[in-house]
Amino acid sequence: MSLLDRIASLEEELAKAEARTADEAERFRVAMLGRNGAVTELFEAFKQVAGDEKRALGQRMNQLKQKAQARWEELKAGVNGKEEMTASVIDSSSPALIEPTGSLHPITLIRQRIIDVFARIGFTVSQGPEVEDDHHNFTALNFPPDHPARDMQDTFFVEGPGGFALRTHTSSVQVRVMEGQKPPIRTISPGRVYRNEAISARAHCMFHQVEALYVDEGVSFAELKGTLDYFAKSLFGPEVSIRLRPSYFPFTEPSAEVDMSCTICGGPGCNVCKHSGWVEIMGCGMVDPAVLANCGIDPEVYSGFALGMGVERIAQLIYRVPDLRLYWENDVRFLDQFTSAHLRS
Ligand code: DAH
């Protein structure tokens, strides 16, 4: 590049230079006019130029130096000017403008609350596959071969050999945990489950469950009741109470359905509790000795309890959202309501 071209390109650079802080202005001075600066270096090169050429270029060189100096003064002044201006327009009493943030899905929030409640009494989290084999989803859990839950109507079967299906409940994880661990076992399994149901406000073909399992020597029904009471009060408040109704599950004996006093009306009855004052929140029972044996745990030595709940059901009671479909539509107008209000501008 000829000296003239170098002068021109440096002048362009000068015009474009910016400085937002005093430091940046100083860096500009060093880069241009410092001992090894670009302008200084050009003067070194200029020394080598032949006599008559020197005269022609000398004026341009001096102009360049003056421009560099002037620009530096400008940048310094601009910086100071800006600092003063910023100081004068800051209104420290004005509320901050906060960009809208995303939020966790309501089901994620409730699942986390459930995990926290169980974690406080020593339950770990276990997970299992959503595509499950017949053994873990049904057989080991004591479902007789002709049990209606295996029916094509309820279960999404996976094509091909091996009898795989989308798990219909998280009880399958119980089996996996018991097969792989020795008691004492204290674990919960949150996860997605699938059922071949027509989608409506009250049913969906996929939803979330949390299963809990406690197996040790001498685990009693009283401990199950205590855990249920602790769970309901921790999640819904100290004023709620629970009641158990005898029920049937293939994998527990005895089995019960757990009702909680209605958190919406507090007792007298409303349409959420169908005017009974009670809402069903989960199923539970003592692990059937046959299930323990199926999983390699000696039922003569150990006993356990299990419970399973629907996360959407719990979320409905906490957030009072009556239509299950809303949890899957991902309409931001719905999801946005679970953003902490104080984060919104
Ligand atoms: N697996 C049951 C269901 O999907 C829920 C359940 C009931 C789980 C009782 C349990 C239990 O562990 O003890 O309907």
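Atom set for the values below is all heavy atoms of this structure, side chains included, hydrogens, waters and symmetry mates excluded. Each ligand, and each atom within it, is numbered from 1 in the order the structure gives.
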Between Asp134 and Arg150 (salt bridge meaning N to carboxylate O under 4.0 Å), is one present in this structure? yes
Side-chain donor-acceptor contact under 3.5 Å, Gln66 with Asn62: no
What side-chain donor-acceptor pairs closer than 3.5 Å can you find for residues 284-293, not counting sequence neighbours?
unit_1 : atom_1 : unit_2 : atom_2 : d
Asp288 : OD1    : Ala290 : N      : 2.9
Asp288 : OD2    : Asn142 : ND2    : 3.4

Ligand-protein N/O pairs under 3.5 Å (ligand 1):
unit_1   : atom_1 : unit_2 : atom_2 : d
ligand 1 : 1 (N)  : His169 : ND1    : 3.0
ligand 1 : 1 (N)  : Ser171 : OG     : 3.0
ligand 1 : 4 (O)  : Arg195 : NH2    : 2.7
ligand 1 : 4 (O)  : Gln209 : NE2    : 2.9
ligand 1 : 12 (O) : Gln174 : NE2    : 3.3
ligand 1 : 12 (O) : Glu211 : OE2    : 2.5
ligand 1 : 12 (O) : Leu307 : N      : 3.4
ligand 1 : 12 (O) : Leu307 : O      : 3.4
ligand 1 : 13 (O) : Ala306 : O      : 3.1

Any donor-acceptor pair under 3.5 Å linking the side-chain atoms of Asp23 with those of Thr21? no
Side chains of residues 227-238: which donor-acceptor partners sit under 3.5 Å, not counting sequence neighbours?
unit_1 : atom_1 : unit_2 : atom_2 : d
Thr227 : OG1    : Glu223 : O      : 2.7
Asp229 : OD1    : Lys233 : NZ     : 2.9
Asp229 : OD2    : Lys233 : NZ     : 3.4
Tyr230 : OH     : Val117 : O      : 2.6
Lys233 : NZ     : Val240 : O      : 3.1
Ser234 : OG     : Tyr230 : O      : 2.6

According to side-chain contact (heavy atoms from CB on, under 4.5 Å), who are the partners of Arg176, at least two apart in sequence or on a separate chain? Pro129, Glu132, Asp133, His136
